[in-house]
2 protein chains.
Amino acid sequence: MSKRDSPMVAHLLDALEEKGYRDTAPRRAIVQAIAQTEKHFTAEDLRAQLPEVGRATIYRSLKLLLDAGVVCRVLLEDGNLHYQLSHRGHHHHLLCVECGVSEDLTGCDIEDQLKNVAAAHQFQVSGHWLEIYGRCLNCALPAAASL
Amino acid sequence: MSKRDSPMVAHLLDALEEKGYRDTAPRRAIVQAIAQTEKHFTAEDLRAQLPEVGRATIYRSLKLLLDAGVVCRVLLEDGNLHYQLSHRGHHHHLLCVECGVSEDLTGCDIEDQLKNVAAAHQFQVSGHWLEIYGRCLNCALPAAASL
DNA sequence: GTTTATGCAAAACATTTGCATAGTC
DNA sequence: GACTATGCAAATGTTTTGCATAAAC
């Protein structure tokens, strides 16, 4: 059970508890850091933010959060994989290439379309991974103004 | 100019030449290894196949081939990035999760659809990355038969 | 002959693991 | 008290870099 934390922090801790993982100080620190950002991040970003937490604990905790489904990986345009807060289940991401803000896109209805395309290649589709890159409102406006 | 090589090998060497890169023995070896597989591969796969070529040369050559647009990166379902032969320009991949065969999918027409979805989030789309996972004909048949 | 590429070894990262200690339940 | 988590350091794996030598043009 989580104490008086922000709703998001409580949600993340609950997800860990549900999986039988213990409520510890380092995990709280990690979860708080994650809850505070709307951007994607790397293990090393977290490490820089939380120098008091050991490297191994950061990597191990990220795996637990992934496993619990409350954090997911996102693929950046340059091929780097980062982490971010996530809805459970299948979804996609809108990633701002300027500021790094990322947003979950639930409700994915391209699967049918993919199945049709793949059928032409005699492929039986079992899944897909889609990332969408662009500019968020804040970043798109200044760019348009300076044209 | 490339000698009597397979058409694909010649195509790859030509792509390098077009960019002003020299025709060397290690590059030929790398290009031949790549031309011979329809699967995705890693730098270390190539290294195992070509022990006579130095590690650095493999990594450097892969970058050149990427830059020349004849090789691209694919994202595996587990988050690993591999390389594969590629059409130039924007395209997607059908990846067989059983045998690793991968096929290019040219003609991508989901951009409009993505723009609509993203507009609802006030995002201005500039690009996307889509990978499709499933089973190729050879792998789908045995699986269906054993049900 | 000038320029570019190679190979090696070392460096730079990123991630994982073993193990003794400390914290949680 | 039993079990799990942590921190550290070391091991592992991957990719990059410096530099002297060799090959291409």
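Naming convention: chains lettered A, B, ... in sequence-line order (proteins, then strands); numbering from 1 in each chain.
- Within the structure, every pair that satisfies the salt bridge (Lys or Arg N to Asp or Glu O under 4.0 Å) test and touches residues 42-59 of chain A, not counting sequence neighbours, is listed here: A/E44-A/R47.
- Taking a 4.0 Å limit (strictly below) on heavy-atom distances, residues 69-77 of chain B does not reach DNA chain C anywhere.
- By the side-chain contact (heavy atoms from CB on, under 4.5 Å) test, A/K63 pairs with no residue at all, sequence neighbours left out.
- From one end of the helix from C/dG1-D/dC25 to C/dC25-D/dG1 to the other, with five pairs defining each end axis, the axis direction shifts by 40° (rounded to 10°).
- Legend: residues meeting side-chain contact (heavy atoms from CB on, under 4.5 Å) with A/V125, ordered by chain and number and at least two apart, are A/E111, A/K115, A/A118, B/I132.
- D/dT14 atom P lies 12 Å from atom OH of B/Y83, rounded to whole Å.
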Review point. After noting the C-alpha distance and the side-chain angles of B/H92 and A/H128, does the key distance pass the side-chain hydrogen bond (donor to acceptor under 3.5 Å, both in side chains) rule?
Key: CA-CA 11 Å; B/H92 303 299; A/H128 63 272; over 6 Å; no
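- Between the P atom of C/dA14 and the CZ atom of A/F41 lies a distance of 15 Å, rounded to the nearest Å.
- OP1 or OP2 of D/dA5 has at least one side-chain nitrogen or oxygen of A/R27 nearer than 4.0 Å.
- Side-chain nitrogen and oxygen atoms of B/Y59 include none within less than 4.0 Å of the OP1 or OP2 phosphate oxygen of D/dT16.
- A search for side-chain contact (heavy atoms from CB on, under 4.5 Å) contacts involving A/H91 returns A/C72, A/S86, A/H87, A/H93, A/D104, A/T106, not counting sequence neighbours.
- In this entry the distance linking CG of A/L62 with P of D/dT6 reads 12 Å, nearest Å.
- Rounded to an integer number of Å, the gap from OH of A/Y21 to P of D/dC3 is 18 Å.
- Under the side-chain hydrogen bond (donor to acceptor under 3.5 Å, both in side chains) criterion, B/E18 pairs with no residue, sequence neighbours left out.
- Summarising the geometry, the separation between CZ on B/R55 and C1' on D/dT12 is reported as 13 Å, rounded to the nearest angstrom.
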Tabulated below should be each protein N or O lying under 3.5 Å from an N or O of nucleotides 18-24 of chain D; please produce it.
{"from": "D/dA24", "atom 1": "N3", "to": "B/R22", "atom 2": "NH1", "distance (Å)": "3.0"}

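- For A/K63 and C/dT16, the shortest distance from a side-chain N or O to OP1 or OP2 is below 4.0 Å.
- For residues 73-97 of chain B, no pair satisfies salt bridge (Lys or Arg N to Asp or Glu O under 4.0 Å), with sequence neighbours left out.
- One atom, CG of A/L64, and another, P of D/dT4, lie 13 Å apart when rounded to the nearest Å.
- With B/R27 contributing its side chain and B/R22 its backbone, the two residues share a donor-acceptor pair below 3.5 Å.
- Among D/dT14, C/dA5, C/dT6, the nucleotide with an atom closest to any side-chain atom of B/P26 is C/dT6.
- Listed by chain and number, the residues in a side-chain hydrogen bond (donor to acceptor under 3.5 Å, both in side chains) with A/H121 are B/E103 (sequence neighbours excluded).
- Partners of A/D67 by side-chain hydrogen bond (donor to acceptor under 3.5 Å, both in side chains), not counting sequence neighbours, listed by chain and number: A/Y21.
- One atom, CG of B/L46, and another, C1' of D/dT14, lie 14 Å apart when rounded to the nearest Å.
- In this structure, the CG atom of A/L16 is 16 Å from the P atom of D/dT4, given to the nearest Å.
- B/Y83 is linked by a side-chain hydrogen bond (donor to acceptor under 3.5 Å, both in side chains) to nothing, counting only residues two or more places apart in sequence or in another chain.
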